[in-house]
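Here is how names work: the chains are called A, B, and so on, in the same order as the sequence lines, proteins then strands, and each is numbered from 1.
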2 protein chains.
Amino acid sequence: MTIPKAAETMPGAGTGETAASQVFDALKRDLISGRFAAGEKLAISTLKHHYAVGLSPLREALNRLAAYGLLEQHNQRGFRVPPLAAEELEDIARLRMRFECMALSQAFEAGDAEWESQLLAAQHRLLKADEEPQDLEHWEQAHLRFHRTLLAPCGSPWLLRFIGQLHDQFDRYRRLAPGDTVIRTRLDAQHGELAQLVLNRRIQDASDLLEEHIRLSWEIARGACVDRPG
Amino acid sequence: MTIPKAAETMPGAGTGETAASQVFDALKRDLISGRFAAGEKLAISTLKHHYAVGLSPLREALNRLAAYGLLEQHNQRGFRVPPLAAEELEDIARLRMRFECMALSQAFEAGDAEWESQLLAAQHRLLKADEEPQDLEHWEQAHLRFHRTLLAPCGSPWLLRFIGQLHDQFDRYRRLAPGDTVIRTRLDAQHGELAQLVLNRRIQDASDLLEEHIRLSWEIARGACVDRPG
DNA sequence: GTTCACAAAAAAATCGATTATTAGACAATA
DNA sequence: TATTGTCTAATAATCGATTTTTTTGTGAAC
């Protein structure tokens with residue numbers, strides 16, 4: 001009577017999905033992609049219906065997201081989406097520059113030919129995704145994967161963890177901001193240039209370009225912050 | 001019939017404690033102070049009795065702690081205490097050095113006379129705590145407060161958040177390791193020296209000393225890792 | 001002796017209902 | 001009119017029970 005689920009039969013699984021982890025993933029995606037308004041209070045009963053889960057797994061997911069920094073939790077008064085502030089974005093962007101350049105230089109030390117291959121592959125996938133702008137989620141996935149691959153061999157799990165966390169925070173701003181075709185084109189080109197600099201082992205140039213890349217993205221992401229007229 | 005709780009009548013409360021947040025704090029303390037064995041699987045029903053709470057708040061606390069990095073969560077097979085590994089400790093210690101030196105130099109830029117006063121006060125409290133080694137929890141609290149005060153004006157909430165997280169991770173190792181009177185004495189002295197260097201605005205010296213301080217603590221914390229005989 | 005299938009037990013995850021707290025409306029008072 | 005206090009509806013938090021999944025233990029087949 002018990003039908004084995006696909007995930008459980010997969011090799012090296014062990015990661016059977018629970019309702020809590022599924023709604024965590026879904027909520028995380030929706031928070032980063034800006035499906036909720038900044039500052040909005042989340043009505044738990046609404047979420048319950050929307051994601052079609054019970055209270056317990058939903059609350060567990062919300063608690064995880066709050067600990068991760070994608071939600072604010074206030075005792076006895078529920079959860080709300082963090083506001084967007086230019087000041088916080090600056091903090092996030094500057095830390096991204098420092099952390100990712102740090103990780104990149106370490107990746108150069110440890111990264112081997114396999115790394116170069118993976119990076120080329122990721123860059124190619126991203127390039128293809130660039131050409132199909134209609135499938136936004138696919139592009140986001142390829143983009144994230146490229147940046148992860150770039151820093152993967154850095155050898156510091158905790159640094160990568162923090163970088164990922166900052167990346168998620170940053171993307172919340174970026175994805176809410178209006179696009180800028182000119183900057184976007186330049187950003188897309190930088191991915192290819194980055195990969196080339198890695199292949200040529202140009203450590204300093206790669207680091208400089210990565211910093212510039214984050215700075216340019218920041219310029220776009222800024223657009224998500226409310227401009228208070230002076 | 002409803003008797004108002006103390007917390008609610010306190011000025012500026014708004015932070016009414018929930019069962020979940022209380023058991024979160026208690027569990028976090030116990031995890032960092034090494035009350036559970038590394039790698040141990042947590043029996044939820046046991047915790048339930050020990051902390052005298054229901055399942056829901058307990059599970060919410062566990063979920064938060066897992067997202068924070070003080071627990072490992074495996075779908076369908078509960079929570080376990082992360083193992084202690086010399087390799088991870090090295091990662092944590094090296095990042096602490098970089099992050100905290102980073103924060104310190106920024107603190108020098110932004111910190112004013114009020115900062116200096118707070119730091120002196122914190123150093124004095126820590127000094128008094130040094131003299132009463134029997135009250136370990138009190139010393140830990142004063143110690144944490146000193147280090148927080150030292151970096152507080154750095155102006156980067158996210159950097160401070162990560163530093164705090166790494167500090168918690170580090171302390172789990174340190175508090176499990178056997179003490180070393182000689183090193184401990186030197187470490188205690190360094191707190192006073194650090195405060196003095198801040199007062200004298202010796203940026204580079206303070207940064208060097210902070211790095212050395214973390215390196216020395218690391219030397220102690222290492223003792224928590226199992227030595228595999230070769 | 002090893003592997004496999006199955007049943008029983010244990011544990012994790014989830015649900016539905018209950019309790020406690022907050023926010024907002026409204027009236028009473030100064 | 002502003003302030004305070006009380007009531008009520010809405011919502012957050014928690015509990016107890018149920019369901020699902022994993023683990024453990026047993027014995028048969030190879």
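- Checking C:dT14, C:dT22, C:dA13 against every side-chain atom of B:F79, the shortest atom distance belongs to C:dA13.
- The CD-P distance, from A:Q22 to C:dA13, rounds to 13 Å in whole Å.
- Every residue two or more places apart in sequence or in another chain that forms a salt bridge (charged side-chain N to carboxylate O under 4.0 Å, His left out) with B:D168 is listed here: B:K28.
- Distances shown here put a side-chain N or O of B:R59 below 4.0 Å from the OP1 or OP2 atom of C:dA13.
- Distance from the side chain of A:Q76 is smallest to C:dT22 among C:dT22, C:dC15, D:dT14.
- Across the protein-nucleic acid pair, B:L55 atom CG and D:dT14 atom C1' stand 11 Å apart, rounded to whole Å.
- A:E88 and B:W158 are linked by a side-chain donor-acceptor pair at a separation below 3.5 angstrom, with hydrogens and angles left out of the test.
- Per the geometry, CG belonging to B:N75 stands 18 Å off P belonging to D:dT20, to the nearest Å.
- Sorted by first and then second residue, the salt bridge (Lys or Arg N to Asp or Glu O under 4.0 Å) pairs with a member in residues 143-167 of chain B form an empty list; sequence neighbours excluded.
- Using a 4.0 Å cutoff on non-hydrogen atoms, the parts of residues 39-48 of chain B near DNA chain C are B:K41, B:L42, B:I44, ordered by number.
- The NE2-C1' distance, from B:H49 to D:dC15, rounds to 13 Å in whole Å.
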Below 3.5 Å, can you tabulate the donor-acceptor pairs from side chains in residues 37-53 of chain B to any protein atom, sequence neighbours excluded?
residue: B:E40; atom: OE1; partner: B:A37; partner atom: N; Å: 2.8
residue: B:H49; atom: ND1; partner: B:S45; partner atom: O; Å: 3.0
residue: B:Y51; atom: OH; partner: B:D30; partner atom: OD2; Å: 2.5

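- If you check the side chains of B:Q118 and B:E114, you find a donor sitting under 3.5 Å from an acceptor.
- Rounded to whole Å, atom P of D:dT20 lies 18 Å from atom CD of A:E17.
- Atom NE2 of B:H74 and atom C1' of D:dT21 are 16 Å apart (whole Å).
- A straight line from CG of A:L58 to P of C:dT14 spans 11 Å, rounded to a whole angstrom.
- OP1 or OP2 of D:dT11 has not a single side-chain nitrogen or oxygen of A:R77 nearer than 4.0 Å.
- Rounded to whole angstrom, the span from the CG atom of B:N63 across to the P atom of C:dA12 amounts to 13 Å.
- For the salt bridge (charged side-chain N to carboxylate O under 4.0 Å, His left out) test, no residue two or more places apart in sequence or in another chain qualifies with B:E87.
- For B:W218, there are no ring-ring contact (aromatic ring centres under 6.0 Å, His included) partners at least two apart in sequence or on another chain.
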